[in-house]
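Start at 1 and go down the list; that is how both ligands and their atoms are numbered.
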Amino acid sequence: MFKNQSIAVTGANGGIGRAVAEMFISNGAKVAISDLEVPSKTAKQIGAAGFACDVSDEDAVKTFITEAEAMNGPIDIFVSNAGVGFGDPKNAAGASNKNWELSWKVNVMSSVYAARAVLPGMQARGSGRFVITASAAGLLQQIGSASYSVTKHAAVGFAEAIAIRHWDEGIRAHCICPQYVRTNMTKGFEFAEKNQDGLLEPPDVAEALRIAIEKDEFLVLSHPVVGEYFKHKAMDYQSYITGMNKLKQKIGNDQLPK
Ligand SMILES: NC(=O)c1ccc[n+]([C@@H]2O[C@H](COP(=O)([O-])OP(=O)(O)OC[C@H]3O[C@@H](n4cnc5c(N)ncnc54)[C@H](O)[C@@H]3O)[C@@H](O)[C@H]2O)c1
């Protein structure tokens with residue numbers, strides 16, 4: 001279904017972004033990947049074109065899109081995947097302003113910048129998909145990382161805004177909300193490695209995205225249990241809050257994200 005489609009993926013030097021790019025390539029797409037540094041080795045290994053793009057900089061995002069379109073044609077699917085996460089020393093407001101601002105730029109504004117650049121073309125063509133790698137933390141919480149949870153909630157909100165505003169124009173938005181996946185982001189985070197709901201591999205997330213696109217589904221739940229937790233939160237917010245606090249106590253302060 002992706003044969004000859006032009007696809008661009010940010011933050012794709014490894015982890016989920018690389019696996020998503022590989023999934024599209026194995027289905028016949030032409031893929032441009034980017035990361036903070038040119039991901040030359042990854043691009044060569046998977047058969048993509050590689051570019052440098054700091055997604056916190058709107059001009060850099062625009063340039064990446066121009067380069068990807070010059071090489072592969074108008075973008076059919078844009079995957080806004082780059083992300084950052086920081087722990088909260090001491091309390092929920094403990095992360096520095098620098099880390100909050102970087103989280104806002106990378107986890108939220110990068111998608112706004114990319115959507116601003118690709119949506120007009122998608123509207124003119126009456127087709128296109130915009131994928132945001134948010135997180136289960138965007139529906140629930142990453143305990144011990146308020147800056148991550150809050151900005152991932154905003155990422156989910158922006159994906160919803162695209163879907164609701166443009167679905168009738170032939171444009172689809174997909175929002176990927178995984179729990180823990182084995183990537184650089186979870187390396188050494190013991191709670192993630194031993195989590196009761198399991199630690200997925202990046203290709204599992206890519207496959208969940210492929211299926212969601214095939215079914216035209218907005219929410220991509222590589223861990224289906226996240227959908228159950230989300231329903232529980234909506235049905236009984238108070239028990240969600242007290243239950244999550246119990247989970248925090250079980251994890252212990254010294255096991256929270258650093
Ligand atoms: N690993 C998990 O458990 C998990 C769970 C839910 C959501 N996610 C999300 O998945 C996405 C991919 O993360 P991952 O787990 O594959 O980890 P990862 O560290 O392998 O990938 C993140 C990539 O983003 C890049 N990046 C960071 N800041 C950037 C910037 N300013 N400009 C461009 N690139 C930048 C990094 O260089 C890195 O290659 C992120 O948005 C993350 O929040 C991860």
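Only the backbone of Q179 comes within contact range of ligand 1, with a heavy atom under 4.0 Å; no side-chain atom does. The proximity of C53 to ligand 1, defined as any non-hydrogen pair under 4.0 Å, is limited to the backbone. When non-hydrogen atoms are compared, ligand 1 lies under 4.0 Å from the backbone of D54 as well as from its side chain.
The side-chain contact (heavy atoms from CB on, under 4.5 Å) test with I143 singles out one residue from L247, N245, D88, and that residue is L247. N13 pairs with exactly one of D35, N184, T42 by the side-chain hydrogen bond (donor to acceptor under 3.5 Å, both in side chains) rule, that one being T42. Checking H153, K152, K233 one by one against L140, the side-chain contact (heavy atoms from CB on, under 4.5 Å) holds for a single residue, K233.
Taking a cutoff of 4.0 Å between a charged side-chain nitrogen and a carboxylate oxygen, E101 and K105 do not qualify as a salt bridge. Between D216 and R129, at least one side-chain N (NZ, or NE/NH1/NH2) sits under 4.0 Å from a carboxylate O, which counts as a salt bridge.
With hydrogens and angles left out, the side-chain atoms of Y180 and Q142 include a donor and acceptor closer than 3.5 Å. N81 and T133 form a side-chain donor-acceptor contact under 3.5 Å, judged by distance and modelled atom types alone.
The closest approach between any non-hydrogen atom of K105 and ligand 1 is not below 4.0 Å. Residue contacts with ligand 1 include A134, since one of its heavy atoms falls under 4.0 Å from the ligand. Residue contacts with ligand 1 do not include T10, since none of its heavy atoms lies under 4.0 Å from the ligand.
Considering backbone and side-chain N/O of Y148, one or more are found under 3.5 Å from N/O of ligand 1. Between S135 and ligand 1, not a single N/O pair is under 3.5 Å apart. Not one N or O of P178 is nearer than 3.5 Å to an N or O of ligand 1, by distance alone. For ligand 1, none of its N or O atoms has an N or O atom of T186 under 3.5 Å away. Residue N13 has no N or O atom closer than 3.5 Å to an N or O atom of ligand 1.
Chaining together hydrophobic side chains whose heavy atoms lie under 4.5 Å apart places Y148 alongside M185.
The two residues S56 and Y113 make their nearest non-hydrogen contact at O-CE1, 3.7 Å. Heavy atoms only, all atoms of each residue included: F64 and A32 are closest at CZ-O, 3.7 Å.
For M71, the CE atom is loosely surrounded, since the number of other residues' heavy atoms within 6.0 Å does not exceed 12.
Numbered from 1 in the order shown, with element, the atoms of ligand 1 that lie under 4.0 Å from a heavy atom of V84 read 27 (C), 28 (N). Close approach of ligand 1 to G15 (heavy-atom distance below 4.0 Å) involves ligand atoms 16 (O), 20 (O). The N81 neighbourhood of ligand 1 comprises atoms 11 (C), 12 (C), 40 (C), 41 (O), with distances under 4.0 Å to a heavy atom of that residue. Counting atoms of ligand 1 from 1 in the listed order, those under 4.0 Å from a heavy atom of Y180 are 3 (O). Within ligand 1, the atoms closer than 4.0 Å to a non-hydrogen atom of G11 are 23 (C), 24 (O), 25 (C), 39 (O), numbered from 1 in the order shown.
For atom 22 (C) of ligand 1, the closest non-hydrogen atom on the protein side is G83 O, 4.1 Å. Nearest to atom 29 (C) of ligand 1 among the protein's heavy atoms is L36 CG, 3.7 Å. Nearest protein heavy-atom neighbour of atom 38 (C) of ligand 1: D35 OD2, 3.6 Å. If you check which protein heavy atom lies closest to atom 32 (N) of ligand 1, you get V55 N, 3.0 Å. Closest to atom 14 (P) of ligand 1, if we only count protein heavy atoms, is T183 OG1, 3.4 Å. At the top of the distance list for atom 19 (O) of ligand 1, counting protein heavy atoms only, stands N184 CB, 3.7 Å.
For atom 44 (C) of ligand 1, the candidate residues are T133, V181, I33, I16; the nearest heavy-atom contact is made by I16.
At a threshold of 4.5 Å between non-hydrogen side-chain atoms, the residues L221 and C177 count as touching.
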(request) Apply side chain to side chain donor-acceptor pair (under 3.5 Å) to the pair T151 and N107, showing each step before the final yes or no. (result) CA-CA 6 Å; T151 55; N107 295 347; 3.1 Å; yes
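Classification of the F130-F158 ring pair by plane angle, with boundaries at 30° and 60°, yields perpendicular.
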